[in-house]
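Only one structure is covered here, and it is reproduced in the block below.
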Amino acid sequence: MNVQEIIKTRTLPYAGNVVAEVGQRVKPDDVVAEMNFYPGLVLRLRVSEHLAISPRLLSEVVQVEVGQLVDKGQILAFDSKWHQPQIMVAPEAGIIGMVSKTLGIVYLRRLTEFNPEPFEVHDIAKEFGISEEEAAKTIIVRRNQKVVPGQILAQQQWQEKDFELKYVASEMFGSIYKIDSHKIWIKSREISRKLYAFLAGEIVDTKPYWSVTIKSKAYKLSGSYGIGGERFGRLVAIDTEYLKDDDIGARYKDNILAVKGKISHDALLKAAKIGIPAIIAASCDLSVLREYAGEGFIPGITGNEEVKTSVVLTNTFCSDDLMGEEFDFLRENEGKFISVNGTTHIRAGAIRPEILIFPEEGED
Amino acid sequence: MPSFIITDIGSTTTKALYLTKRSGFYRLAARAEAPTTVEAPYEDVAIGVRNALEKLGKEAQKQFLSENEGELISSEHEYYSSSSAGGGLQVLVIGLFSKITAVSAQKAALGAGAILIDVISNDDNRSLYERVDIVRRARPDMILLTGGFDEGDINFVTEFADIINSANPLPRFGDKLKLPVIYAGNIRARELIEDTLRDEFNLHIVENLRPTIDKEELGPARKAIHDLFLSHVMQQAPGYSTISNAVSAPIMPTPLAFGHIISELSKEEQVDILAVDIGGATTDIFSSINDEFNRTVSANLGMSYSIANVMQSSGLENIKKWLPFEIDDIVLENIIGDKMLNPTELPANEMGLMIEQAIAREALRLSLDHHKSLIRELPKDTKAGSIGLIKEPEAISDWDHTDTLVDMMRMGLLIGSGGVLSHAPKRNQTAMMMIDAFRPVGVTRLAVDSVFMMPHLGVLAQRYPKVALQVLVDDCFVPLGTIISGTGSVKIGQKAARIEGHINNRKIQFDIFRGNIRVLPISRNQIGHVKIIPEEGMDFGNGNGRAVETPITGGETGLIFDLRFGCDQRISPDIVKEWMISTGCFSSEEIDNARRQARERSRNNKN
């Protein structure tokens, strides 16, 4: 097998900071960019209404630009046509998202800090200060629904003097794990604030706030099917026809396992528990992968499953054949740092899982 | 009249046909195909078209390609083409409520032959930021922006115009060109939309496609989509200018051409038609109901790339109920998974073929459910209707209570197309897949598109509808026969109707029973006439217990009386075996082979 040149652009899902420089050598587990905040709830600030001007005049009074970071209390708009100047200030810190001259609205994106907790729990009754029964009626999300920071989970409207909206919002990327009467549990989707290099190589380009391009050399193997996203770790080869949970011990934590044969359901669960980032195997029953991937699994488009251990198969589901030359090659490279991505798109423009083995210094 | 060269430039294959007059009628004289060349390294669809025409010429022993510089086809032939290459016509659809304007907008876009990249609505549970993100990343061919009745909300569409402006999406082809945006929403917001989008986008304002709750005006939006497809998208797509200059009528998106020939046929024969095109990744359902054309696309239901998604959506039990054998769940799931990984592989044995056809039934059933859910009656304009809707958004739940317009009792013709139907080893298998999935009621004819030439004929029908319909009947359709089915309360095993009549001057007279299926082989050239005299409690199309008289046309399968469903029929492998044998789908020996194969596979897995 020959070493290939691989060039990949690694892009943050939302703007942040690029922390690597052109010319820098990186390893797969090096952070190359990171986000400080999630883009949170968008606040619609009705500036033209507040200043009693036509929406069309908004551009004349707005003092900030789209994309600008503003502090709480910072003046967003200023108008002096009345006897005394009229201003509108930012009710909280955020980023100016849009300015609508048709609606007279400035859209302020709140900054939501990263939440490292695995779960987020909201007691709606407590947060609204209402009865549990009333609180249950204000919940507007449903079980398994995906939520993003700032997304409203429960809302309450009432009118005493002015119409007012009270809400409870999510502070993490996740999915609604449980709703028990007035309480909501959100399970984190484990979106990392850090963007890793995934490749071992050299940074050849950067785009401020967004991306880096890395040039690398690697042995590349393609799988036939996989689940789970990008993972990396040192390679360990296990020469067995059927990987059972007993075959996996804590010593394999943080290692990527290459298995000559098939994987069992129990082995997969144990691997996830121990902290094995990925398993490469000849085969696995589709029913095992489906169960392991959980609700919302789409067999033809994978990669976004919330699984601890990614899986890459080299043969088909039905196959009893063991991995052949590929296993020999993986075994030869045991101990090396490798990257694996289980993402599979079966349809046209197909993406198949990839295994990248980076040669060590002097090896080519 | 000239002879015709017609191409359909598909995602992977360019299919060319040659139609010429023989003995006073147009006939399919030759057919050829070549790989489509829209992708790198060619990036010029005209190369694939030339290759296909060269092969077509050899087949017909004629020279179709012009020797004149700058001319694609020699002048004695008229040339037409449809296209779905490069992913077809990709539209991003935006509507106010998911079940109201967004549905109307989807119907408009799908009816124009589009592929929907996404459908965004105010109640789709996505945050504003996610919507901006979708618009930014979409790279559509165009955006269809709708929302608000003419007396209704304007905030959503004006805000969304700002979102589009802010996201600054780029068109799929031609980075420097302005992305087309069609506005077909509340007329009161037009000025604001124009003000926001006029400078940066190629903005087209047409009639509101949902002016009130009880009215849809899909025509202007569909026309705008089609016009922009021709003037904008096709001009930017690699190599299309050569094709555009050579054709005698505008290039049509393939699904639109497919739908066009169905509409023409529906008008000509004065029947409602339901047609399906089941592919590897998606399944399209077309219907022509009261001269209204509808199309839906089930994006994740197909027979190869999406086959495992069919299993995921339908559940293993629903697939297994169509099999004449027991099989281990894990084995069945792995077999389906392997078909997904090797989409071009054909079934290796009887068991594989029966599994494939069982999955096809489920893919077709789910696609029809999807079609029925979108093609509905519009709610009546009552106070609880549009006014209530504006003031009380929760009134949109009323939408769920409207009836579907897809009434299987009224369908006069079912048409099947796509590999699993067109290339089934026996035509009876095709007929039974369609019957089991669609469950027609009353009297319904069945046909299958034998050579995938409906898009070609649809595009020809723009100029020559009579020629296109004549070739459709003579060379494209394989008539499968007629199915007679009824609904009602008569219990399983009891007499449902008396059948009297004649077929080719031969008298027939017998009873049909609830729970049974019976096939009379009548070939395509045989005709007949039957009277169905239902028992009290049964309806065959004329109401409870009322007789139906109908002419009968035959086909590859014949005349089918199907009363299996709607009567607590318990389906088991033995019952399925009985049906398969009595309908001529599989022989007893083939089923026994399949049973043995399934037993062996299941046993091997347990070991």
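Throughout, protein chains are lettered first and strands after them, A, B, ... in sequence-line order, and every chain is numbered starting at 1. Quick caveat: nothing in here was measured; it's all calculated off a predicted structure.
- Of all the listed residues (B/Ile163, B/Ile193, B/Asn342, B/Asp329), the one sharing the greatest number of non-hydrogen pairs under 4.5 Å with chain A is B/Ile163.
- Between the CD1 atom of A/Ile298 and the OG atom of B/Ser313 there is a distance of 9.0 Å, given to the nearest 0.5 Å.
- Remark: side-chain polar atoms of B/Asp195 are not paired, donor with acceptor, to backbone N or O of A/Thr102 under 3.5 angstrom.
- The contact between B/Asn155 and chain A is made by backbone and side chain atoms together, counting heavy-atom distances below 4.5 Å.
- Contact of A/Phe297 with chain B is made through backbone and side chain together, with heavy-atom distances under 4.5 Å.
- Sparse packing is recorded around CD of B/Glu326, with 12 or fewer heavy atoms of other residues, nucleotides or ligands lying under 6.0 Å away.
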Q: Determine, stepwise, if the pair B/Leu192 / A/Arg56 fulfils side chain to side chain contact (heavy atoms under 4.5 Å, CB included).
A: CA-CA 10 Å; B/Leu192 297 173; A/Arg56 286 170 196 280; 3.9 Å; yes

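- Among all heavy-atom pairs drawn from A/Pro299 and B/Asn309, the shortest one is CD-OD1, 2.8 Å.
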Q | Derivation of the side chain to side chain contact (heavy atoms under 4.5 Å, CB included) call for A/Val288 and B/Glu333 | A | CA-CA 10 Å; A/Val288 168; B/Glu333 198 164 335; over 6 Å; no

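- Interatomic distance, SG of A/Cys318 versus NZ of B/Lys339, reported as 13.0 Å (0.5 Å rounding).
- Between B/Ile330 and A/Ser287, the shortest heavy-atom contact is CG1-OG, 3.7 Å.
- A donor-acceptor contact shorter than 3.5 Å is absent between the side chain of B/Asp162 and the backbone of A/Ser100.
- The two residues A/Leu286 and B/Gly337 have their closest heavy-atom pair at CD2-CA, 3.7 Å.
- For B/Asp338 (side chain) and A/Phe317 (main-chain N/O), a donor-acceptor pair under 3.5 Å exists by modelled atom type.
- Using a 4.5 Å cut-off between heavy atoms, B/Ile336 does not touch chain A at all.
- With a 6.0 Å radius and a threshold of 12 heavy atoms from other residues, nucleotides or ligands, A/Gln68 has its CD atom above the threshold.
- For the residue pair A/Ile346 and B/Tyr305, the shortest heavy atom distance occurs at O-CD2, 3.3 Å.
- Taking CG of A/Leu103 as the start and OG1 of B/Thr158 as the end, the distance is 3.5 Å to the nearest 0.5 Å.
- Within a 6.0 Å radius of CZ in B/Arg198, more than 12 heavy atoms belonging to other residues, nucleotides or ligands are found.
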Q: Let me see the working for B/Asn165 and A/Met98 under side chain to side chain contact (heavy atoms under 4.5 Å, CB included), right down to the final yes or no.
A: CA-CA 9 Å; B/Asn165 215 1; A/Met98 297 193 301; over 6 Å; no

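- Enclosure of atom CD in B/Glu191 is not indicated, since only 12 or fewer non-hydrogen atoms of other residues, nucleotides or ligands lie within 6.0 angstrom.
- In the displayed structure, A/Asn144 atom CG is contacted under 6.0 Å by more than 12 heavy atoms of other residues, nucleotides or ligands.
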